[in-house]
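Atom set for the values below is all heavy atoms of this structure, side chains included, hydrogens, waters and symmetry mates excluded. Letters A, B, ... are given to chains in the order of the sequence lines, protein chains preceding strands, and every chain is numbered from 1. Owing to the predicted nature of the structure, the values given are computational and were not obtained by experimental measurement.
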Protein chains: 2
Amino acid sequence: MAANAPRRVTMSDVARHAGVSRTTVSFVLNDRPGAAIPDETRHRILASIEELGYRPNAGARALAAKRSEWYGLITEIVTAPFAVDVIKGAQDRAWLDRKFLLIAASEGEAAQEAAALDKLLEQRVEGLLYATTWHRAVTLPKAAREVPTVLVNCYDADGELPSVVPDEVTGGHRAAAHLVAAGHERIGFINLDPGIPAAVGRREGYERALREAGITFDEGLVVSGHATADGGYTAACELLDRADRPTALFCGNDRMAMGAYDAIKERGLRIPQDVAVVGYDNQELIAAYLRPKLTTLALPFEAMGAKGVDMLAALAAGQPLDTTQVTVDCPLLERSSV
Amino acid sequence: MAANAPRRVTMSDVARHAGVSRTTVSFVLNDRPGAAIPDETRHRILASIEELGYRPNAGARALAAKRSEWYGLITEIVTAPFAVDVIKGAQDRAWLDRKFLLIAASEGEAAQEAAALDKLLEQRVEGLLYATTWHRAVTLPKAAREVPTVLVNCYDADGELPSVVPDEVTGGHRAAAHLVAAGHERIGFINLDPGIPAAVGRREGYERALREAGITFDEGLVVSGHATADGGYTAACELLDRADRPTALFCGNDRMAMGAYDAIKERGLRIPQDVAVVGYDNQELIAAYLRPKLTTLALPFEAMGAKGVDMLAALAAGQPLDTTQVTVDCPLLERSSV
DNA sequence: GCGCTTTAATAACGCGCGTTAGTGCGATGT
DNA sequence: ACATCGCACTAACGCGCGTTATTAAAGCGC
């Protein structure tokens, strides 16, 4: 089809127009070290490029140079807010190296994922980023081994592929320490489904913060629930109805915190005077719209995306990584719920 | 760099392995009409492909076939919720044609935009989508003319490039008609900045709906304000404090509706019993979290993205478009505020 | 057995470019 | 005067593939 497409200007056209050989044009375009091109010639060539509106053909260049200048990113759901941030971080970082980011979605289906992977590999991407919606272990198709691959927000079940994940331990520690610093000693912890990395790591950080503050750990203050507003509500009720109710709640995510808000208000308690609340995830449109605004920890999606490309660049350059698992800090966003 | 990259399997390798010529392999891969390949040979080749793990090189194919199979998408802000939906719509639609979507962000800066455009054209995209955050007129760099281009959520100031935009008129009509159907006759309209296409179109639809219902248009019921919650609040106050206050408000966007909610509640009025409210934009995390949930019109970003690729495909195939401006319907999402 | 068509395949060119191995030429040293 | 050397540039190959001739063999009618 589209055989009517006008022939584009090529390097040969430029060479002819400037009265030099194609090689010379290539040399000035890639300002090749070692090639001595007098300024006069160089400017003549640049002028021809300008005049003819020449634009290098990236595909041809990739073919000849055997380097595509592309990275691939596979994400579960393109529309998820998290994915967008990963994309932004990765894209901006890739742009620095003048690389393009090819984005493909798996939509959570294995077939789609395989197809996306195939497509990406056919484009000869120089590296692959694989991002998930929530921090967990994954197993990639073997095809992913054909090219440097970095996992983002997840890690290889086989422990072979490098990954970049949020630092859940420090996050949990930071949340608890923040509450301790605000004077709280009885801090309820509404954790996520125990067993997932986020729950395990944050609990570790939580316990360590208490230990450092000389507060004895009370197993009864730790409950876990569904990662929903309802789950948070139920768990919060359980904690708040204890005789020695906690004066602060650290919630596994913002939706759970939303449920906790309901439970707290329902009992006529005030936030943060009677019960302080810290969430997790920083889902803007929950955290910023709750009354009072929710203090929460942000998952560093953008930073993880950028770091992932960083690692890819290193791998592609043949440099070995110092660690196979990199963690990125979860910053605390102070609002009004503590 | 990366000269250590292992040589990938090529078509010649497959041909050698299967004991045929490279051309034959190419023929079965593209199952070329007219080429008679006996099943035995075909299967032998496919088996070799499987065994060697051959994967066509998309770049080389693009070079030889003079078709890249790529579309480019330039958006202002990748992270904006709207952009995500446009991307999803465009990507899914492109995928149907087995085309890739290259996404680049302008971040609202002309320099970035030009760079993105250059990069995209160097990749020899077969078509270009240009999407904005809000419906308005734009002027693209001339370079965009080098390839079929469709504007999404905006239109060409020079009226040359085809575009796909939301149907503001029908949207405004739908909102007003919905309120009329609910029994309202005095419908306040808190419009956006007059002059922008959204404001003009919706007002036209609003007036038409009233006319159709036999309701005389009252200029005093139309005000405009800043596209923020504060702007909505102020405008709503003005309308609600009239002696003959409206029983319904049609707001230019959801944030303004949010402000209107405050003004209504402040006056001890109930939604929707005393004052019904209709928003615009369907910003999920506002519309769905307001009490009561907000009835609003959705901007069809995903559909516009898909339609944009549709038009691109037609243009790339050399088919002329029947119209230079395509409009896409804004569906009404009924919740509890009417 | 001979011409003719169909079938099954291949050799060869070119897509636009990076890169290597040169080539011609003026300036320099002795 | 001649060999040497750096400068400025070019011819030619190959990247992996689509595509267009072209060919060799097989099938067919008579």
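- Heavy atoms of T24(A) sit under 4.0 angstrom from at least one base atom.
- Following rounding to the nearest Å, R32(B) (CZ) and dT7(C) (C1') show an atom-to-atom distance of 16 Å.
- dA9(C) atom C1' lies 10 Å from atom CD1 of I45(B), rounded to whole Å.
- Between A60(B) and R22(A), the residue whose closest nucleotide on DNA chain C is further toward the 5' end is A60(B).
- From L128(B), atom CG reaches atom CG of L315(B) across 11.5 Å, with rounding to the nearest 0.5 Å.
- Between R61(A) and E69(A), none of the side-chain N atoms (NZ, or NE/NH1/NH2) sits under 4.0 Å from a carboxylate O, so this pair counts as no salt bridge.
- Among the protein residues, T23(A) comes within range of the nucleic acid bases, having at least one heavy atom under 4.0 Å from a base atom.
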Do any N or O atoms of the protein come closer than 3.5 Å to N or O atoms of nucleotides 23-27 of chain C, and which pairs are they?
none

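- Residue contacts for S12(A): at a heavy-atom cut-off of 4.0 Å it reaches no nucleic acid atom on any strand shown.
- Electrostatic pairing of E50(A) and R55(A) does not count as a salt bridge here, judged by no charged N lying under 4.0 Å from a carboxylate O.
- Among the candidates L102(B), I103(B), V147(B), the single residue satisfying the side chain to side chain contact (heavy atoms under 4.5 Å, CB included) test with L120(B) is L102(B).
- One atom, CZ of F27(B), and another, C1' of dA11(C), lie 12 Å apart when rounded to the nearest Å.
- Identified under the side-chain hydrogen bond (donor to acceptor under 3.5 Å, both in side chains) test for residues 304-317 of chain B, with sequence neighbours left out: R93(B)-D310(B).
- Nucleotides of DNA chain D that come within less than 4.0 Å of any heavy atom of chain B span, from the 5' end to the 3' end, dG16(D) to dT20(D).
- Looking at E113(A) and Y130(A), their side chains come closer than 4.5 Å, going by heavy atoms from C-beta outward.
- In summary, of the residues considered (W70(B), Y71(B), W95(B)), a side chain to side chain contact (heavy atoms under 4.5 Å, CB included) with L101(B) occurs for Y71(B) alone.
- Separating the CD1 atom of I37(B) from the P atom of dT6(C) is a distance of 18 Å, rounded to the nearest angstrom.
- Salt bridge annotation for E126(A)-K66(A): absent, with no cationic side-chain nitrogen under 4.0 angstrom from a carboxylate oxygen.
- Among T79(B), V78(B), T75(B), the single residue meeting the side chain to side chain contact (heavy atoms under 4.5 Å, CB included) criterion with E107(B) is V78(B).
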